[in-house]
Structure formats: structure tokens, C-alpha cells
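Any value given below was found using the heavy atoms of this structure, including those in side chains, with hydrogens, waters and symmetry copies removed. Numbers for residues simply follow the sequence, beginning at 1. In this text the structure is predicted, and so the values were computed from the model without any measurement.
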Amino acid sequence: MTSEPVSLAHTLASFEDLWSPRIVTAVNDYDVRVAKVEGEHLWHVHDHTDEFFLVLEGELRIALREPAGERTVVLPKGSVFTVPRGTEHKPIAPAGASILLFEPTGTSTVGDRHDDIPDHVDATTGHALS
């Protein structure tokens with residue numbers, strides 16, 4: 001990790017890959033990641049950790065399968081939402097978005113259980129900044 005400030009705008013401008021987060025810093029045992037997203041991710045579950053989303057640009061929707069049924073939360077720019085551990089969810093960004101994620105180091109972008117991974121989704125634990 002660098003001991004210098006990191007510009008999120010500069011970091012987001014440094015790559016084009018969708019659904020492929022970059023690790024911008026760490027806080028204790030957690031990664032702070034940014035990603036560009038567009039279209040649909042995949043249904044997945046993180047069994048042991050919550051997943052925090054902050055929308056930096058655009059709009060993100062998160063479809064959730066909860067005990068009471070299925071619903072979708074809509075997150076405009078500047079909104080935050082935490083998906084509770086064990087909740088099946090699918091992020092969707094019809095018009096594209098930039099997001100910040102906060103989750104334990106080593107957490108896979110496709111969770112512990114998931115649907116088949118489409119070609120446009122990077123199954124990773126995050127990429128270091130170059």
C-alpha cells in the first residue's frame with residue numbers, strides 16, 4: 001500500500017475493464033476497491049461477510065433474494081448499501097456506474113456460491129493498482 005493519497009477519479013480513469021475491481025487501499029484486514037460496472041453481474045452469496053457498496057457515479061441496482069422474497073434496491077450516485085452476509089444478490093448497472101466496495105481482503109467478486117460466471121465478469125479478489 002502506498003502512504004500517499006489516492007485519487008479515485010485518476011484510478012477509475014486508469015482502466016476500462018468492467019466488473020474487475022482495483023484495490024486502492026486497505027483498512028486493517030479490509031480492501032477498499034473501486035470498479036466500473038455495466039450490465040448485470042451474477043447471482044452470488046458471500047457466506048461469511050457483508051458487502052458494502054458506495055456509488056461514485058451513475059446508478060447501481062442490487063437485486064436481492066431474501067426470506068420475504070425478491071426485491072431490488074436502487075442506489076443513485078452518493079448512496080451506500082450493505083448486503084448482509086448470506087444474502088443472495090446480483091448487482092446491475094443498466095447505464096453503467098463506478099462503485100467503491102469495502103470487504104475483507106481476499107473476498108472473491110463472485111462470492112462463495114454463485115451462478116455460472118459469464119465472460120464479462122472477472123472472478124478475482126481484486127487487482128493491485130499499477
**Message:** Quick check against the 3.5 Å criterion: does Asp112 have a side-chain atom that pairs as donor or acceptor with the backbone of Asp47?
**Reply:** yes
**Request:** Determine whether more than 12 heavy atoms belonging to other residues, nucleotides or ligands lie under 6.0 Å from atom CZ of Phe102.
**Result:** yes
**Request:** Verify side chain to side chain contact (heavy atoms under 4.5 Å, CB included) between Val6 and Leu129, making sure each step is shown before the conclusion.
**Result:** CA-CA 10 Å; Val6 176; Leu129 293 179; 4.2 Å; yes
**Message:** Test of understanding: clusters of I, L, V, M, F, W, Y form through side-chain heavy atoms closer than 4.5 Å, transitively. Do Val27 and Leu56 belong to the same one?
**Reply:** yes
**Full working for side chain to side chain contact (heavy atoms under 4.5 Å, CB included) between His46 and Arg85** = CA-CA 6 Å; His46 300 279; Arg85 70 192 71 203; 5.7 Å; no
**Message:** Let me confirm one number: the NZ-CD distance from Lys90 to Glu70, rounded to the nearest 0.5 Å.
**Reply:** 8.0 Å
**Prompt:** Are the side chains of Arg33 and Thr107 in touch, meaning some heavy atoms are under 4.5 Å apart?
**Reply:** yes
**Message:** Can a side-chain donor-acceptor contact be found between Thr105 and Asp31 if the only test is distance below 3.5 angstrom?
**Reply:** yes
**Request:** Please confirm whether the backbone N or O of Phe15 pairs with a side-chain atom of Lys36, one donor and one acceptor, at under 3.5 Å?
**Result:** yes
**Asked** Where the side chain of Arg113 meets the backbone of Glu88, is there a donor-acceptor pair that is under 3.5 Å apart?
**Response** no
**Request:** Without swapping roles, check the side chain of Trp19 against the backbone of Glu38 for a donor-acceptor pair under 3.5 Å.
**Result:** yes
**Prompt:** Quick one: does Thr124's side chain get under 4.5 Å of Pro21's, heavy atoms only?
**Reply:** yes
**Asked** Rounded to the nearest 0.5 Å, what separation is found between the CG atom of Leu60 and the CG atom of Leu54?
**Response** 10.5 Å
**Asked** Distance from Ile99 atom CD1 to Ile62 atom CD1, nearest 0.5 Å?
**Response** 7.5 Å
**Asked** Step by step, would you call Asp116 with Leu42 a side chain to side chain contact (heavy atoms under 4.5 Å, CB included)?
**Response** CA-CA 8 Å; Asp116 290 338; Leu42 69 148; over 6 Å; no
**Request:** Spell out, yes or no, whether Val34 and Val37 are grouped together once hydrophobic residues are joined by side-chain heavy atoms under 4.5 Å, including indirect joins.
**Result:** no
**Minimum heavy-atom distance between Val74 and Pro76, given as atom pair plus value** = O-CD, 3.5 Å
**Item:** Same cluster (ILVMFWY, side-chain, under 4.5 Å), Leu100 and Leu12
**Value:** yes
**Donor-acceptor pair, side chain of Thr109 and main chain of Asp122, under 3.5 angstrom** = yes
**Item:** CG-CZ distance between Leu8 and Arg22, expressed to the nearest 0.5 angstrom
**Value:** 14.0 Å
**Asked** Taking the inter-plane angle between the rings of His44 and His89 on a 0 to 90° scale, is it parallel (under 30°), tilted (30 to 60°) or perpendicular (over 60°)?
**Response** tilted
**Asked** So do the side chains of Val32 and Tyr30 get within less than 4.5 Å of each other, counting heavy atoms only?
**Response** no
**Prompt:** From Arg61 CZ over to Leu75 CG, what is the distance, rounded to the nearest 0.5 angstrom?
**Reply:** 10.5 Å
**Message:** Contact between Phe53 and Leu101 at the side-chain level, heavy atoms closer than 4.5 Å - yes or no?
**Reply:** yes
**Prompt:** Would you say Arg71's side chain and Leu64's backbone share a donor-acceptor pair under 3.5 angstrom?
**Reply:** no
**Asked** Distance from Ile23 atom CD1 to Thr125 atom OG1, nearest 0.5 Å?
**Response** 6.0 Å
